[in-house]
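See structure below.
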Amino acid sequence: MFRLETRACVTDDDTDLLARFGAGEERALEALYRRWSPLVFTMALRALGDRADAEDVTQRTFVSAWSSRESYDPERAAISTWLVAIARRRIADVREARAKVAAVHEQLQRLLDPHALVTGEVDLGDRLLLADELARLEPDAQRVIRLAFYDDLTHDQIARRLDMPLGTVKSHIRRSLTRMRRRLEVDDRVAS
């Protein structure tokens, strides 16, 4: 099954560890996490520049590895190579989510810009639609979004004010904006 003896850097302990991992032993996952999570975290931190996002990518990488461990073939790649490939996909997921959040953020800023109120460029219907979408969010997510976009607080300030971890604040904003964007896009398609 495992032909790891051809790899110069693979020890008998590694062979045993990978066999236990493949068999679904959680202690093997824990050992892999202790050994390779610093590499994944460092890679994610360099790519994303944000500690909370890097921690999230690290966690998601090992969750993905665990849930797809049957697909790992030690003859095709070292475990480190396989984990790095998973981490790259999770980093790409974060970048894609950031791009979507930025697009929604830009759209919200346009809708909430006080100058737009003065010039009358913002449609009252858009404002009502936005208020309705905010009301659909969970209470914690509503508070975070209102502090971010109405009170213009930074993520750190919101985390301190709500006594909430920074990563949770970012997750609320990202998920809320993504949900709102999806619903608004659906509404646009239905309206056209």
*asked:* For R90, is the CZ atom crowded, meaning more than 12 foreign heavy atoms sit under 6.0 Å from it?
replied: yes
*Salt-bridge criterion met for D132 and R136 (N-O under 4.0 Å)*: yes
*Nearest atoms (heavy-atom pairs only) where S176 meets A141*: OG-CB, 3.3 Å
*Report the C-alpha separation of H172 and I145 in whole Å, then their side-chain angles, then the decisive distance to 0.1 Å, and conclude whether the side chain to side chain contact (heavy atoms under 4.5 Å, CB included) test is met.*
CA-CA 8 Å; H172 275 306; I145 291 292; over 6 Å; no
*Return the minimal non-hydrogen interatomic distance between A65 and L83, and the atom names on each side.*
CB-CD2, 3.7 Å
*Are any non-hydrogen side-chain atoms of W36 and T61 less than 4.5 angstrom apart?*
no
*asked:* Nearest 0.5 Å, please: how far is OG1 in T58 from CG in D53?
replied: 10.5 Å
*Short question: side chain of D151, backbone of L153 - any donor-acceptor pair under 3.5 Å?*
no
*asked:* Give me the atom names and distance for the closest heavy-atom approach of V57 to A87.
replied: CG1-O, 4.1 Å
*Counting distance only, does the side-chain N/O of S67 pair as donor-acceptor with the main-chain N or O of S64 below 3.5 Å?*
yes
*Just wondering, are more than 12 heavy atoms of other shown residues or ligands nearer than 6.0 Å to CD in Q59?*
no
*asked:* Show, in sequence, the C-alpha distance, side-chain angles and deciding distance for R60 and I86, and conclude whether the side chain to side chain contact (heavy atoms under 4.5 Å, CB included) test is met.
replied: CA-CA 9 Å; R60 287 173 189 245; I86 293 171; over 6 Å; no
*Minimum heavy-atom separation for L147 to R161, with atom names?*
CD2-NH1, 3.3 Å
*Do F149 and L134 have side chains that get closer than 4.5 Å, going by heavy atoms?*
no
*Of the non-hydrogen atoms in A52 and G167, which two are nearest, and what is the gap between them?*
CB-CA, 4.0 Å
*List the steps, then state whether side chain to side chain contact (heavy atoms under 4.5 Å, CB included) holds for R95 with L48.*
CA-CA 8 Å; R95 286 182 172 154; L48 300 170; 3.9 Å; yes
*Minimum heavy-atom distance between I91 and A44, given as atom pair plus value*: CD1-CA, 3.7 Å
_Strictly below 4.0 Å, N to O, side chains only: are R98 and D50 in salt-bridge contact?_
no
_Residues D16, R20: salt bridge by 4.0 Å N-O rule_ = yes
*asked:* Is the ring pair W82/Y72 parallel, tilted or perpendicular, if the boundaries are 30 and 60 degrees?
replied: tilted
_Any side-chain to backbone donor/acceptor pair from E55 onto F41? Under 3.5 Å, distance only._
no
_Side chains of K100 and L177 in contact at under 4.5 Å (non-hydrogen atoms)_ = no
*asked:* Using the rule given for side chain to side chain contact (heavy atoms under 4.5 Å, CB included), can you reason through R69 versus L32, listing the C-alpha separation, both sets of side-chain angles and the distance that settles it, and then say yes or no?
replied: CA-CA 12 Å; R69 64 186 179 278; L32 285 174; over 6 Å; no
_Surrounding CZ of R146 (heavy atoms of other residues, nucleotides or ligands, distance under 6.0 Å), is the total greater than 12?_
yes
*Considering only heavy atoms from C-beta outward, does the side chain of M180 approach that of L137 to under 4.5 Å?*
yes
*asked:* Counting only heavy atoms not in E30 (residues, nucleotides, ligands), do more than 12 fall under 6.0 Å from its CD?
replied: yes
*Crowded around E70 CD? As in, over 12 foreign heavy atoms under 6.0 Å?*
yes
